[in-house]
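Written below as structure tokens is the structure these notes are about.
Fair warning: this is a prediction, and the values are worked out from it, not measured in the lab.
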Amino acid sequence: MPWFRAVEGFSDAKKPSESKRDDDPDEEVLPRVIEKTILPKITAFAKNVWDPLSTSQTENLTQLCDNVFEKQVLSRRECRQAKQDLINTVVLRMKQSVEEDVFIPLYPKSTVEDKSSPCSKFQGRRFWSAVEVKKKHRSCL
């Protein structure tokens, strides 16, 4: 976004020759913008919109988080808290997805032993779908 690039440019505008002060408020602009606006927006997106079973959405969310965390200096407690809230939301959403969206049916042993039966095929597809979800979630974290 153009406004984010402007804030980022403002924060990076300091030249190395300028004296660095620990209490310089200009250095806090970008981390605070990320903390107060970006991370809550991403957290709300992860909670309400993100589909953990979607490979493209998961890859996009992962890339976005990597980019934001790369820009953010996590030296302040508040920033760490906003990041932790996002991570907790992502983990909770993945758990909900596994609990609600992954369904492995249980059939009688005699039905499943026949590998050509529709029940056995369906159970096999659901099982491998669950394995794939677990792989995606592991790579996301």
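Side-chain N or O atoms of Ser117 include one that pairs as donor or acceptor with a backbone N or O of Asp114 at under 3.5 Å. Side-chain N or O atoms of Ser97 include none that pairs as donor or acceptor with a backbone N or O of Arg93 at under 3.5 Å.
Linking ILVMFWY side-chain heavy atoms closer than 4.5 Å, directly or via other members, places Ile87 and Phe45 in a single hydrophobic cluster. Under the 4.5 Å side-chain heavy-atom criterion for grouping Ile, Leu, Val, Met, Phe, Trp and Tyr, Leu92 is not connected to Val49 through any hydrophobic cluster.
Here Ser110 pairs with nothing under the side-chain hydrogen bond (donor to acceptor under 3.5 Å, both in side chains) rule; sequence neighbours left out. Annotation: side chain to side chain contact (heavy atoms under 4.5 Å, CB included) contacts of Gln57 (sequence neighbours excluded): Trp50, Asp51, Ser54. Here Asp85 pairs with Gln81 under the side chain to side chain contact (heavy atoms under 4.5 Å, CB included) rule; sequence neighbours left out. When the side chain to side chain contact (heavy atoms under 4.5 Å, CB included) test is applied to Leu64, the partners found at least two apart in sequence or on another chain are Ile42, Val68.
Two residues are said to be in side-chain contact when any heavy atoms from C-beta on lie closer than 4.5 Å; Val90 and Leu61 meet this criterion.
Rounding to the nearest 0.5 Å gives a distance of 4.0 Å between CG of Leu86 and OG1 of Thr43. Distance check, rounded to the nearest 0.5 Å: OG1 of Thr89 to CE of Met94 gives 11.0 Å. Note: Ile38 CD1 to Phe69 CZ = 11.5 Å, rounded to the nearest 0.5 Å. Distance check: Lys47 NZ to Gln96 CD gives 9.0 Å after rounding to the nearest 0.5 Å. Here Thr37 contributes atom OG1 and Arg32 contributes atom CZ; the two are 12.5 Å apart, rounded to the nearest 0.5 Å.
Here the closest non-hydrogen pair linking Ile34 and Pro40 is O-CD, 4.1 Å.
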